[in-house]
Colleague: 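Below is the structure I would like to discuss, written out as structure tokens.
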Amino acid sequence: MKYKSIKGTKDILPDESHIWIEVENRIRKVMHTYNYKEIRTPIFEETKLFARGIGEFTDIVGKEMYTFTDRGGDSLTLKPEVTASVIRAYIQHNLGEKQPLTKVYYISPAFRQERPQAGRLRQFHQFGAEAIGSKNPAVDAEIISLAANIYESFGIRDFVIKINSVGCEICRNEYKNILKKFLIDISNKLSPESQKRIDVNPMRVLDSKDENDRIATKSAPLILNYLCNDCKTHFAQLQDLLSFMNVTFEVDGRIVRGLDYYTKTAFEIISTELGSQDALAGGGRYDLLVKELGGKDTPAVGFAAGLERLLMVLQKQNQDKFQAPRPKVFIAYADKSCEKIILNLAQKLRAKGVPCEIDLLNRSLKSQMREADRQNSDFVIVVGENEVKSNRLNIKNMKTGKVEEIDLGNLENYFLSSNG
RNA sequence: GUGUCCAUAGUUCAGUUGGUUAGAACGCCAGGUUGUGGCCCUGGAAGUCGAGGGUUCAAGUCCCUCUGGACACCCCA
């Protein structure tokens, strides 16, 4: 085997592509019930866009981006997440001038150069939504409910919604200093990894998976107790609204998002079914990003979710059987001389939108029947001398085994009526 | 980037302390007398044993390097 797909990438083969198509369509359907419209942005952007948008010192920008120089000497990057691109498009096309609130969603590949593991690929797929233009906590609530609704629409119930507020520029910085002091005092009890993080990103220490870190930070100050009045009210209102909307959630003061641009609301949807990579979706409010990227000061909320992780949960729960496309009719020939006739019949049916298949390998009738069975087609028509002479066709129902005889002229009608 | 385990037909796997032409199941192909699938029966095709190097009379089996995969850390979707 000479050529192989790149490490951490996967082919979606014909046997499974229909599942992706169906899942994507269902996601679209829920998005549309909330009146979000699809936006499609290029898979690569100027490197600076992500460095600026996501944050120079995040892991994503620091070590995970697929960055290259094109022949013109420009530094380009395969998008590691989609929000920055969406906001770029929002600003570039002045979407905010057309209407005060822009509600968009996306289903898109994303790229990060990490070591692959369960639920993590180098090219993976995200779906998500962004509502740009309102600071109303009702939008936060809508985004969270939208994300949750997508999972529910697939019959998935084994997930937990965790929400937090990471404050704004003012109260977060004050809190960070208080937290730093606390962490420095107990730093000898922390893991080496966490010790390094005290300066760079102290809030991340609270989110550590290390058992000892968890114990050591049990009495750590949580940001929820240090929010300014504005952030505090916003968070209280959000909880109130979610309760009114019958969205079940947990408040978790330790949630920190990996991207720098979040303000106020941060949330995660965690699967209780998956392994180590159990985050189905994450999101929150990012009131500073639009301005940061050169637009007007515009508040926004959004979420991003992993398509592969949704598929993993679906597979684990064996929730849904997605039907693959299949031919309704298989038209076989009894002998090769009838090939032209079956081509013609297939042509007629296809023109009417009836999916059908014929043999293209000069196979025996037995083989054709086997093929029809394997293709899971509903009906088989065998064309031979008899049919040509009588102008009548036998239609075999493959489920019941019964055969019905019709006039050749009624062929299309037969499949367009209740049988079709 | 770090760690652990792994790599043999299309797929899932056997393959003894190194020893002849590397096996099975499923799948695939063809048949089982006239023009009808599934079940069953018979036969067939199919492997550079991940790649490269080394040890040996002899390597799928032992050693090294690389590549890829699985899982975990880090981080995230």
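Worth knowing before you read on, the calculation uses all heavy atoms, side chains too, and leaves out hydrogens, waters and symmetry mates. Just so we're on the same page: letters track the sequence lines, and every chain starts at 1.
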Colleague: Within the 3.5 Å criterion, strictly below it, is a donor on A/K103 or A/N35 matched to an acceptor on the partner's side chain?
Modeller: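 Judged by distance alone, the side chains do not pair up.
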Colleague: What distance, rounded to whole Å, do you find between the two P atoms, one in B/rG15 and one in B/rA9?
Modeller: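 Comparing P positions in B/rG15 and B/rA9 gives a spacing of 15 Å.
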Colleague: Base, sugar-phosphate or nothing for A/E385? Non-hydrogen atoms, less than 4.0 Å.
Modeller: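 Base contact.
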Colleague: Could you measure between the two C1' atoms, the one in B/rC41 and the one in B/rG18, and give it in whole Å?
Modeller: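 Between the two C1' atoms, the distance is 41 Å.
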Colleague: To the side chain of A/A304, which of B/rA77, B/rU2, B/rG37 is closest?
Modeller: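 Looking only at heavy atoms from C-beta outward on A/A304, the closest nucleotide is B/rA77.
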Colleague: Only one of A/E38, A/H125, A/Q126, A/K79 clears side chain to side chain donor-acceptor pair (under 3.5 Å) with A/S108; which?
Modeller: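 Looking at A/E38, A/H125, A/Q126, A/K79, the match for A/S108 under the side chain to side chain donor-acceptor pair (under 3.5 Å) is A/K79.
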Colleague: Indicate whether OP1 or OP2 belonging to B/rA30 is found under 4.0 Å from a side-chain N or O atom of A/S364.
Modeller: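 A/S364 to B/rA30 OP1/OP2: no side-chain N or O under 4.0 Å.
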Colleague: Quick check: A/F267 with A/F249 (ring centres under 6.0 Å apart)?
Modeller: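 No, the ring centres sit 6.0 Å or more apart.
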Colleague: Rounded to the nearest angstrom, tell me the gap between atom CD1 in A/I270 and atom C1' in B/rC76.
Modeller: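 These atoms are roughly 10 Å apart.
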Colleague: Send over the distance from A/Y262 OH to B/rC76 P, rounded to a whole Å.
Modeller: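 Rounded to the whole Å, the gap is 10 Å.
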Colleague: Within less than 4.0 Å of OP1 or OP2 of B/rC29, is there a side-chain N or O belonging to A/R363?
Modeller: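 Affirmative; the distance criterion is met.
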Colleague: Output yes when at least one side-chain N/O atom of A/S367 is less than 4.0 Å from OP1 or OP2 of B/rC29, else no.
Modeller: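 No, outside the criterion.
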Colleague: Tell me the partner of B/rG37, counting only Watson-Crick (N1-N3 plus N6-O4 or O6-N4) or G-U wobble (N1-O2 and O6-N3) with both under 3.5 Å; none if nothing fits.
Modeller: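 Per the H-bond distance test, none.
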Colleague: Contact class for A/R112 vs. all strands (heavy atom < 4.0 Å): base, sugar-phosphate, or nothing?
Modeller: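 Touches a base.
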Colleague: For A/E81 and for A/E371, find the nucleotide of RNA chain B with the closest heavy atom, then tell me which residue's nucleotide is more 5'.
Modeller: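 Here A/E371 is the residue nearer the 5' end.
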Colleague: With no angle test and no hydrogens, is the base of B/rG35 tied to the side chain of A/D335 by a donor-acceptor pair under 3.5 Å?
Modeller: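 Flag unset: no donor-acceptor pair detected.
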Colleague: Classify the nucleic acid contact of A/G128 as base, sugar-phosphate or nothing, counting any heavy atom under 4.0 Å across all strands shown.
Modeller: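 Result for A/G128 = nothing.
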Colleague: Find the distance A/D207:CG to B/rC76:C1' and express it as a whole number of Å.
Modeller: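 In whole Å, B/rC76 C1' and A/D207 CG are 11 Å from each other.
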Colleague: Quote, to the nearest angstrom, the P distance that separates B/rU55 from B/rG47.
Modeller: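 Roughly 30 Å separates the two P atoms.
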Colleague: Under 6.0 Å between ring centres, would you say that holds for A/Y105 and A/Y36?
Modeller: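 Judged by ring-centre distance (under 6.0 Å), A/Y105 and A/Y36 do not meet the cut-off.
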Colleague: Rounded to the nearest angstrom, tell me the gap between atom CG in A/L361 and atom C1' in B/rC28.
Modeller: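 Taking CG of A/L361 and C1' of B/rC28, I get 13 Å after rounding.
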Colleague: Distance check needed: B/rU36 P versus A/L393 CG, whole Å only.
Modeller: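 It works out to 17 Å between those atoms.
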Colleague: Given atom CG of A/D59 and atom P of B/rC76, what is their separation to the nearest angstrom?
Modeller: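 Answer to the nearest Å: 6 Å.
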Colleague: Name the orientation class of the two ring planes belonging to A/F127 and A/F303 (parallel below 30°, tilted from 30 to 60°, perpendicular beyond 60°).
Modeller: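 Rings of A/F127 and A/F303: perpendicular, as their planes differ by over 60°.
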Colleague: Taking OP1 and OP2 of B/rC39, is either one under 4.0 Å from a side-chain nitrogen or oxygen of A/R370?
Modeller: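 Checking A/R370 against B/rC39: no side-chain N or O falls below 4.0 Å of OP1 or OP2.
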Colleague: Among B/rC74, B/rG68, B/rU36, find the nucleotide with the atom closest to the side chain of A/K63.
Modeller: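 Out of B/rC74, B/rG68, B/rU36, the nucleotide with an atom closest to A/K63's side chain is B/rC74.
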Colleague: Measuring only the P atom in each nucleotide, how far is B/rU12 from B/rC71? A whole number of Å is fine.
Modeller: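 The answer is 14 Å between these two P atoms.
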Colleague: In the structure shown, which nucleotide is the Watson-Crick or G-U wobble counterpart of B/rG1, with both distances under 3.5 Å?
Modeller: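 B/rG1 is paired, partner B/rC73.
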Colleague: Does B/rA72 have its OP1 or OP2 closer than 4.0 Å to a side-chain nitrogen or oxygen of A/Q117?
Modeller: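 Yes.
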Colleague: Under a 3.5 Å limit for both distances, which nucleotide forms a Watson-Crick or G-U wobble pair with B/rC26, could you say?
Modeller: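 Paired with B/rC26, as far as the under-3.5 Å criterion goes, is B/rG10.
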Colleague: Where each residue is assigned the nucleotide of RNA chain B containing its nearest heavy atom, which of A/R115 and A/T9 is assigned the position nearer the 5′ end?
Modeller: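 Looking at the nearest nucleotide for each, A/R115 comes out on the 5' side.
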Colleague: Go through the N and O atoms of the side chain of A/D373 and the base of B/rG38, and report whether any donor-acceptor pair is under 3.5 Å.
Modeller: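 No, the side chain and the base share no sub-3.5 Å donor-acceptor pair.
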Colleague: Does B/rG60 have a Watson-Crick or wobble mate here (both distances under 3.5 Å), and if so which one?
Modeller: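 Partner of B/rG60: none.
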Colleague: Are the charged groups of A/R392 and A/E405 less than 4.0 angstrom apart, N to O?
Modeller: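 A salt bridge links A/R392 with A/E405.
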Colleague: Looking for any heavy atom pair under 4.0 Å, which part of the strands does A/Q277 touch: base, sugar-phosphate only, or nothing?
Modeller: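 Answer is base: heavy atoms of A/Q277 come under 4.0 Å of a base.
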Colleague: Would you please say whether a donor-acceptor pair under 3.5 Å links the side chains of A/Q123 and A/T9?
Modeller: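 No pair is found: no donor N or O on one side chain lies under 3.5 Å from an acceptor on the other.
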Colleague: Under 4.0 angstrom, heavy atoms only, what part of the nucleic acid is A/V380 near: base, sugar-phosphate, or nothing?
Modeller: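 Here A/V380 touches no strand at all.
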Colleague: From C-beta outward on A/L365, which listed nucleotide comes closest to its side chain: B/rG35, B/rG37, B/rA77?
Modeller: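 So the side chain of A/L365 is nearest to B/rG35.
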Colleague: What distance, rounded to whole Å, do you find between the two C1' atoms, one in B/rC49 and one in B/rC13?
Modeller: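 Their C1' atoms lie roughly 13 Å apart.
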Colleague: Mind checking if A/A372 touches a base, just sugar-phosphate, or nothing, with heavy atoms under 4.0 Å?
Modeller: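 No contact.
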Colleague: Could one point to a donor on the side chain of A/E387 or the base of B/rG35 with an acceptor on the other under 3.5 Å away?
Modeller: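 Pair found.
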Colleague: Distance check needed: B/rG37 P versus A/Q375 CD, whole Å only.
Modeller: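 Roughly 17 Å, once rounded to whole Å.
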Colleague: Would one find a side-chain N or O of A/K7 under 4.0 angstrom from OP1 or OP2 of B/rG68?
Modeller: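 Checking B/rG68 against A/K7, a side-chain N or O does come within under 4.0 Å of OP1 or OP2.
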Colleague: Ignoring hydrogens and angles, answer whether the base of B/rG69 and the side-chain atoms of A/K10 contain a donor-acceptor pair closer than 3.5 Å.
Modeller: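 A donor-acceptor contact between them is absent.
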Colleague: Could you work out which one of B/rG37, B/rC76, B/rA77 sits closest to the side chain of A/R204?
Modeller: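 It is B/rC76.
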Colleague: Tell me yes or no: between the side chains of A/Y286 and A/E292, is some donor less than 3.5 Å from an acceptor?
Modeller: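 Short answer, no.
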Colleague: Base, sugar-phosphate, or nothing for A/G8, non-hydrogen atoms under 4.0 angstrom?
Modeller: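 Here A/G8 touches the backbone only, sparing every base.
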Colleague: A/L121 near the nucleic acid: base, sugar-phosphate alone, or nothing, with a heavy-atom cut-off under 4.0 Å?
Modeller: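 Since a base atom lies under 4.0 Å of A/L121, the category is base.
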Colleague: Nearest whole Å is fine: how far is B/rU36 P from A/R374 CZ?
Modeller: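 For the pair A/R374 CZ and B/rU36 P, the rounded distance is 19 Å.
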